[in-house]
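Positions are given from 1, in the same order as the sequence printed here.
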Amino acid sequence: MKSLVVYYSLEGNCKLIGNTVAETLNSPIIELKLRKPVPAKSPMKFIVGGRSAIKKTSPELSNSIPDLSDYELIVVGSPVWAGTFAPALRTFASKARIENKKIAFFACSGGGSTQKCISEMQFLFEGNDFIGDTSFVTPSLKDTENCIHKAQKWADSLILSL
């Protein structure tokens, strides 16, 4: 099974989980990068990031999206911003035009619910076979080893569900 992990990460949480999942699946990885980055080290990240999430913007990416036709499974990860996914995923979805793939999601939050975020990711990637989702609370700051173990187990379960 050829798989790919795609994620956006502002503070390193989704990067930690994305790298763990990619390593477990032996998959290549795409970290979505914005041409105009959200300020990560100031309170403005909440204003800029939250506003862009609420307004459903599609910010320009600085990296290109390769042809994804050969991949059977695509794992997509996002932080939760204003209850939904980071806008970089909207840009990725419109450029990649993923259909008829096995797809799974992970979300990282600061402690709030990830249910709405996951549901909106499913809607964004409509036309695919959803095989699983999971969520984490600030894995790069809290209980990191257990979060890594959980991500590994989840990635293994994705393989088994194929």
Side-chain angles (χ1 to χ4, degrees), residues 2-23 25 27-141 151 155:
K2 194 168 179 186
S3 59
L4 174 71
V5 175
V6 179
Y7 69 89
Y8 174 79
S9 188
L10 181 64
E11 296 179 318
N13 292 298
C14 286
K15 184 174 190 153
L16 173 70
I17 300 304
N19 287 336
T20 301
V21 171
E23 184 178 302
L25 295 174
S27 297
I29 193 165
I30 297 174
E31 180 178 5
L32 301 173
K33 298 282 191 177
L34 301 179
R35 186 160 311 280
K36 185 177 177 186
V38 172
K41 300 290 184 199
S42 79
M44 286 301 292
K45 67 183 173 189
F46 299 111
I47 296 167
V48 174
R51 181 179 55 218
S52 64
I54 290 167
K55 289 186 171 190
K56 298 183 178 188
T57 64
S58 294
E60 192 175 345
L61 299 175
S62 63
N63 48 337
S64 60
I65 306 303
D67 178 17
L68 305 178
S69 59
D70 288 342
Y71 295 102
E72 298 169 61
L73 168 64
I74 300 175
V75 179
V76 180
S78 176
V80 178
W81 287 2
T84 190
F85 54 84
L89 265 63
R90 185 171 283 104
T91 306
F92 168 72
S94 70
K95 291 188 178 296
R97 297 192 173 129
I98 300 168
E99 290 184 330
N100 301 316
K101 302 285 185 188
K102 304 271 187 215
I103 196 160
F105 302 111
F106 67 88
C108 296
S109 74
S113 173
T114 60
Q115 192 170 33
K116 179 182 172 207
C117 177
I118 297 289
S119 293
E120 290 184 359
M121 288 167 64
Q122 287 178 339
F123 182 75
L124 180 67
F125 291 94
E126 209 170 38
N128 294 285
D129 181 16
F130 303 107
I131 64 167
D133 65 79
T134 192
S135 60
F136 301 85
V137 176
T138 55
S140 65
L141 299 175

Point to revise | Non-neighbouring partners of Ser109 that pass side-chain contact (heavy atoms from CB on, under 4.5 Å), sequence neighbours left out | key: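 Listed in chain order: Val80, Thr114, Val137.
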
Separation of [Y] [atom2] from [X] [atom1] (nearest 0.5 Å):
X: Ser3; Y: Ile103; atom1: OG; atom2: CD1; value: 12.5 Å
X: Ser78; Y: Leu32; atom1: OG; atom2: CG; value: 9.0 Å
X: Phe92; Y: Ile30; atom1: CZ; atom2: CD1; value: 6.0 Å
X: Lys102; Y: Asp129; atom1: NZ; atom2: CG; value: 4.0 Å
X: Glu31; Y: Leu61; atom1: CD; atom2: CG; value: 11.5 Å
X: Glu11; Y: Thr138; atom1: CD; atom2: OG1; value: 9.5 Å

Compare every heavy atom of [Y] with every heavy atom of [X], then report the nearest pair and how far apart it is.
X: Gly77; Y: Cys14; answer: C-SG, 4.4 Å
X: Ser9; Y: Lys15; answer: OG-N, 3.2 Å
X: Leu16; Y: Pro139; answer: CD2-O, 3.6 Å
X: Val5; Y: Gly18; answer: CG1-O, 3.7 Å
X: Ile17; Y: Cys108; answer: CG1-SG, 4.0 Å
X: Gly50; Y: Ala82; answer: O-CB, 4.0 Å

Heavy-atom side-chain contact between [X] and [Y] under 4.5 Å:
X: Met121; Y: Leu89; result: yes
X: Val38; Y: Trp81; result: yes
X: Ser27; Y: Leu4; result: no
X: Thr91; Y: Lys95; result: yes

For [X], does the [atom1] atom have more than 12 heavy-atom neighbours from other residues, nucleotides or ligands under 6.0 Å away?
X: Glu23; atom1: CD; result: no
X: Gln115; atom1: CD; result: no
X: Lys2; atom1: NZ; result: yes

Practice item. Can you spot which of Leu73, Leu68, Val75 makes a side-chain contact (heavy atoms from CB on, under 4.5 Å) with Tyr71? Key: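 For Tyr71, the side-chain contact (heavy atoms from CB on, under 4.5 Å) check succeeds only for Leu68.
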
Point to revise | Distance-only polar pair, side chains of Asn13 and Ser140, donor-acceptor under 3.5 Å | key: yes

Point to revise | Under 3.5 Å donor-acceptor, Lys101 side chain and Ser69 backbone | key: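 Looks like yes, one N/O pair under 3.5 Å.
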
Exercise for review: May I ask you to decide if Phe125's main-chain N or O and Asn128's side chain share a donor-acceptor pair within less than 3.5 Å?
Suggested key: yes

Exercise for review: Give the intermediate values and the outcome of salt bridge (Lys or Arg N to Asp or Glu O under 4.0 Å) for residues Glu99 and Arg97.
Suggested key: CA-CA 6 Å; Glu99 290 184 330; Arg97 297 192 173 129; over 6 Å; no

Check your understanding: So, Lys36 and Glu60, do they make that salt bridge, N to O below 4.0 Å?
Key -> no

Practice item. Verify the ring-centre separation between Tyr8 and Phe85: is it less than 6.0 angstrom? Key: no

Check your understanding: For the residue pair Tyr7 and Phe106, does the interplanar ring angle fall in the parallel (under 30°), tilted (30 to 60°) or perpendicular (over 60°) class?
Key -> tilted

